[in-house]
Colleague: 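Below you will find the structure I want to go over with you.
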Amino acid sequence: ETGVTQTPRHLVMGMTNKKSLKCEQHLGHNAMYWYKQSAKKPLELMFVYNFKEQTENNSVPSRFSPECPNSSHLFLHLHTLQPEDSALYLCASSQDSPSEPQHFGDGTRLSIL
Amino acid sequence: SQQGEEDPQALSIQEGENATMNCSYKTSINNLQWYRQNSGRGLVHLILIRSNEREKHSGRLRVTLDTSKKSSSLLITASRAADTASYFCARTLGGSQGNLIFGKGTKLSVKP
């Protein structure tokens, strides 16, 4: 039990589909993050939420749309994705700020056909 | 680039040996963290070392930080097959609100 749960674990979708990734944390943390992990590339920070407010959008294309309805849940809505968007998408949380230890979920492996 | 480099990219050792992984960076940091990632899983936080600290221990893990050389090392002593994983350093840039910047990682393989 990592304290951060991501669903689904695997997702295959066509470029015209719309899907959502879900993240839930049971740690009472106030900050949550979306990262993209591609092969042979460093982990890329996508979005930062602090107390449900988005504080960082790291130049992410608009086909990725985050949503944070409360401090425990984070979604990543996907639409009209490209093949290069195939990657492992990781959600993480920390108590209050990004500089504190982050707790990660096991990710959603996304494949775009 | 704000991203640093881990060295080596891959390391293969026998069980019982020590494993040393290095991380270099280019800009001043607030703190530096090490994470482990097992295949198909998320990252797990190992140790955080602040810029005014030089060494920290946690069980078989020892982390050093040399801010003058802008480098850090992670030492795993008496390695076990279960230590097989990728290890990442991540730096927080100036200010307590700085985001984590990850390196590409070192892939460690410990053979029984």
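Quick note on labels: first sequence line is chain A, next is B, and so on, each numbered from 1.
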Colleague: Report the distance from atom CG of Leu32(B) to atom OG of Ser99(A), rounding to the nearest 0.5 Å.
Modeller: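 One finds 12.5 Å between CG of Leu32(B) and OG of Ser99(A).
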Colleague: Check Pro101(A) against Leu48(B) and note the closest heavy-atom contact, atom names and distance.
Modeller: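 So the minimum-distance heavy-atom pair works out to CD-CD1, 3.8 Å.
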Colleague: Could you pull out the closest heavy-atom pair between Gln102(A) and Gln33(B), with the gap in Å?
Modeller: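 What the structure gives for the nearest pair is N-OE1, 4.3 Å.
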Colleague: Heavy-atom count check: over 12 atoms from other residues, nucleotides or ligands less than 6.0 Å from Gln9(B) CD?
Modeller: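 No.
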Colleague: Check each atom of Gln37(A) against the heavy atoms of chain B and say whether the ones under 4.5 Å are side chain, backbone, both or neither.
Modeller: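 When you check distances to chain B, only side chain atoms of Gln37(A) fall under 4.5 Å.
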Colleague: Pick one: which of Glu5(B), Glu6(B), Lys104(B) meets side-chain contact (heavy atoms from CB on, under 4.5 Å) with Pro42(A)?
Modeller: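 Running side-chain contact (heavy atoms from CB on, under 4.5 Å) over Glu5(B), Glu6(B), Lys104(B) with Pro42(A) returns exactly one hit, Lys104(B).
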Colleague: Indicate yes or no: at least one non-hydrogen side-chain atom of Asn99(B) is less than 4.5 angstrom from one of Pro98(A).
Modeller: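 SC-SC contact between Asn99(B) and Pro98(A) confirmed.
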Colleague: Only one of Leu88(A), Leu43(A), Asp106(A) passes side-chain contact (heavy atoms from CB on, under 4.5 Å) with Gln37(B); say which it is.
Modeller: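 The option that passes is Leu88(A).
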Colleague: Linking I/L/V/M/F/W/Y whenever their side-chain heavy atoms sit closer than 4.5 Å, directly or via other members, would Leu76(A) and Val60(A) fall into one cluster?
Modeller: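 Yes, because Leu76(A) and Val60(A) connect within a single hydrophobic cluster, where side-chain heavy atoms sit under 4.5 Å apart.
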Colleague: More than 12 foreign heavy atoms under 6.0 Å from CZ of Arg9(A): is that the case here?
Modeller: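 For Arg9(A), atom CZ is crowded (more than 12 foreign heavy atoms under 6.0 Å).
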Colleague: Need one label for Leu43(B): side chain, backbone, both or neither, based on atoms under 4.5 Å from any heavy atom in chain A.
Modeller: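 Answer is both: backbone and side chain atoms of Leu43(B) are under 4.5 Å from chain A.
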Colleague: Verify the neighbour count for atom CZ of Arg54(B): are there more than 12 heavy atoms of other residues, nucleotides or ligands below 6.0 Å?
Modeller: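 Count over threshold, so yes.
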Colleague: Same cluster or not: Leu46(B) versus Ile13(B), using hydrophobic residues (I, L, V, M, F, W, Y) connected whenever any side-chain heavy atoms lie under 4.5 Å apart?
Modeller: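 Same cluster.
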Colleague: Determine, using the 4.5 Å side-chain heavy-atom cutoff (strictly less than), whether Leu110(A) and Tyr35(A) are members of one ILVMFWY cluster.
Modeller: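 No; tracing contacts between hydrophobic side chains, which count when under 4.5 Å, never links both residues.
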Colleague: For Leu90(A) versus Gly42(B), what's the shortest heavy-atom pair and its separation?
Modeller: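 Where Leu90(A) meets Gly42(B) most closely, the heavy atoms are CD2-CA, 4.0 Å.
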Colleague: Would you compute the distance between atom CZ of Phe102(B) and atom NZ of Lys41(A) and round it to the nearest 0.5 angstrom?
Modeller: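 The NZ atom of Lys41(A) is 15.5 Å from CZ of Phe102(B), to the nearest 0.5 Å.
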Colleague: Inspect the surroundings of NZ in Lys70(B) and state if more than 12 heavy atoms from other residues, nucleotides or ligands are less than 6.0 Å away.
Modeller: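 It does: Lys70(B) NZ has more than 12 such atoms within range.
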